[in-house]
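Computation of the quantities below employed the complete heavy-atom set of this structure, encompassing side-chain atoms and omitting hydrogens, waters and symmetry-equivalent molecules.
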Amino acid sequence: MTSLVQHITIDCSDAYELALFWAGALGCPVSDDDEPGDPEALVETPRGALLFVSVPELKSTKNRIHLDLRPEDRTRDEEVERLLALGATLVGDHRKPNGRGWATMADPEGNEFCVECGAGERAALTGTRLPLTADDVTSAVRLAVDTFEQAGADDWRRPAGTLEWTCWETVEHLSDDLFAYAVQLGPRRPPQDREVSYHYAPRREGGPANSVFADAAAGPAGLLESLEASGALLTAMVRTTPADVRSHHVFGLSDPEGFAAMGIVETLVHTYDVATGLSLPWAPPRDLCDRVLARLFPDAPDDEDRWGVLLWSTGRADLPGRDRVTSWKWHGAPLD
């Protein structure tokens with residue numbers, strides 16, 4: 001057995017006030033249990049918790065441990081400016097003309113931290129592929145659920161685009177896909193030649209063969225709840241499974257990033273199917289489409305319309321100057 005890091009604890013003069021700064025920096029709230037003047041304040045993030053503790057001593061020297069921040073949805077320089085506006089100060093500027101480097105900053109009580117380039121900037125600087133992550137799975141599923149919530153309660157028995165399934169069945173199938181990809185990564189020894197031993201069966205002839213079905217009595221809200229839950233399972237497994245793990249997929253052994261990419265593609269294209277059936281608008285982010293194409297369809301055309309290319313790659317749309325795809329599969333094996 002080993003120990004786990006419960007918190008990263010930061011001594012300070014005013015725990016609650018400093019927690020407010022870090023809550024703004026990290027986009028996570030201060031615990032509901034904490035109030036101004038409390039001797040301790042907690043900020044929980046998806047990747048760890050910061051505990052701020054008021055102490056009588058003042059900070060007197062440079063921290064021997066510090067946090068390195070990596071912006072997710074903005075550039076390093078944009079993040080520096082945002083943090084300055086929140087109350088941070090710039091302590092040392094190690095940014096280089098070629099875009100590399102970092103900025104050393106201090107929070108309102110003088111605790112040093114660094115701001116580095118985000119993953120997108122790093123990929124652009126090095127000319128490497130930007131990988132798919134657990135956060136991308138969460139983003140795709142949330143976008144899908146937000147779209148489906150616009151539908152009326154009586155619309156779910158319509159056909160899902162050109163599929164033979166209803167919109168309800170297609171969302172159930174999507175939920176089951178996400179569940180299935182998650183559980184492939186679950187065992188200590190993931191199977192290399194078969195799927196994890198769950199029973200799959202359709203509820204009607206011609207319907208999707210699932211292990212996971214939504215409770216019809218719960219209505220559309222329950223259907224979307226089950227979709228979010230399955231997405232969260234895949235997110236958790238992708239986040240916590242070592243990158244060198246391999247598990248079976250019908251198209252070949254894949255790694256955690258591969259299963260993340262598969263879940264995202266299933267989400268994007270089946271949301272298209274359902275949105276078509278429900279007459280809802282649906283246009284996923286270009287960047288997300290581009291990255292799943294790079295991971296699962298590395299030989300796909302480089303046309304500017306990346307969503308159009310993904311629809312073409314999965315047999316759902318025409319692409320100017322190219323024959324319609326009638327049979328397809330993705331490249332699940334790791335590229336690197």
Side-chain angles (χ1 to χ4, degrees), residues 26-29 45-46 71-74 119-120 130 132-163 165-182 208 210 212-239 259-293 295-296 305-311 314 316-317:
L26 301 175
C28 298
T45 81
E72 293 290 318
D73 56 356
R74 56 182 67 88
L130 182 60
L132 281 306
T133 68
D135 291 334
D136 291 320
V137 176
T138 297
S139 176
V141 173
R142 288 181 177 174
L143 288 171
V145 170
D146 290 347
T147 297
F148 296 152
E149 285 179 338
Q150 303 173 47
D154 300 328
D155 297 338
W156 290 92
R157 298 303 171 186
R158 295 179 184 176
T162 59
L163 302 182
W165 303 333
T166 67
C167 291
W168 180 286
E169 289 174 329
T170 303
V171 174
E172 280 188 324
H173 167 74
L174 171 56
S175 179
D176 187 78
D177 281 338
L178 299 174
F179 171 84
Y181 297 152
N210 297 349
V212 173
F213 292 94
D215 181 4
L223 176 68
L224 300 187
E225 181 181 68
S226 69
L227 175 58
E228 279 201 291
S230 290
L233 288 175
L234 180 56
T235 294
M237 293 308 303
V238 171
R239 194 184 304 283
F259 283 104
M262 295 177 208
I264 293 166
V265 168
E266 297 277 10
T267 300
L268 300 186
V269 300
H270 282 314
T271 300
Y272 168 81
D273 298 329
V274 174
T276 300
L278 299 176
S279 299
L280 297 173
W282 172 243
R286 182 188 187 280
D287 169 70
L288 191 57
C289 297
D290 186 53
R291 287 188 289 130
V292 295
L293 283 166
R295 176 61 179 81
L296 294 182
D305 180 8
R306 306 310 286 158
W307 175 225
V309 173
L310 183 57
L311 289 174
T314 56
R316 285 170 167 80

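The salt bridge (Lys or Arg N to Asp or Glu O under 4.0 Å) contacts involving residues 167-178 comprise Glu169-Arg204, Glu172-Arg203, where partners must be two or more places apart or lie in separate chains. Among residue pairs with one or both ends in residues 259-279, those qualifying as side chain to side chain donor-acceptor pair (under 3.5 Å) are His173-His270, Tyr181-Glu266, Glu266-His270, His270-Asp273, Asp273-Arg316; sequence neighbours excluded. Under the salt bridge (Lys or Arg N to Asp or Glu O under 4.0 Å) criterion, no residue pair touches residues 226-236, with sequence neighbours excluded.
Taken to the nearest 0.5 Å, the CZ atom of Phe259 stands 13.5 Å off from the CG atom of Leu132. One finds the CZ atom of Arg239 at 11.0 Å from the CG atom of Leu234 (value rounded to the nearest 0.5 Å). Note that CG of Leu278 and SG of Cys167 are 4.0 Å apart. Values are rounded to the nearest 0.5 Å.
With Ser230 contributing its side chain and Leu227 its backbone, the two residues share no donor-acceptor pair below 3.5 Å.
Legend: residues meeting ring pair (Phe, Tyr, Trp, His ring centres under 6.0 Å) with Phe179, ordered by chain and number and at least two apart, are Tyr198. Applying the side chain to side chain contact (heavy atoms under 4.5 Å, CB included) rule to Pro71 yields the partners Arg74, Glu79, Val115; only residues at least two apart in sequence or on another chain are considered.
The side chain to side chain contact (heavy atoms under 4.5 Å, CB included) test with Val274 singles out one residue from Val171, Leu163, Asp155, Thr147, and that residue is Val171.
Closest approach of Cys28 and Thr45 over heavy atoms only: SG-CA, 3.8 Å. Residues Pro284 and Leu268 approach most closely at CB-CD2, 3.7 Å, considering heavy atoms. Summarising the geometry of Arg306 relative to Asp290, their closest heavy-atom pair is NE-OD1, 3.0 Å, with the distance given to 0.1 Å. The heavy-atom pair separating Ser175 from Ser226 by the smallest distance is OG-O, 3.2 Å. A pairwise comparison of heavy atoms in Ala216 and Trp168 identifies CA-CZ2, 3.8 Å as the closest pair.
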In residues 136-146, what donor-acceptor pairs under 3.5 Å come from side-chain atoms, sequence neighbours left out?
unit_1, atom_1, unit_2, atom_2, d
Asp136, OD1, Arg291, NH2, 3.1
Asp136, OD2, Thr133, N, 2.9
Asp136, OD2, Thr133, OG1, 3.2
Asp136, OD2, Arg291, NH1, 2.8
Thr138, OG1, Thr235, OG1, 3.0

Checklist entry - Stepwise, does the salt bridge (Lys or Arg N to Asp or Glu O under 4.0 Å) test hold for Arg286 with Asp305? => result CA-CA 8 Å; Arg286 182 188 187 280; Asp305 180 8; over 6 Å; no

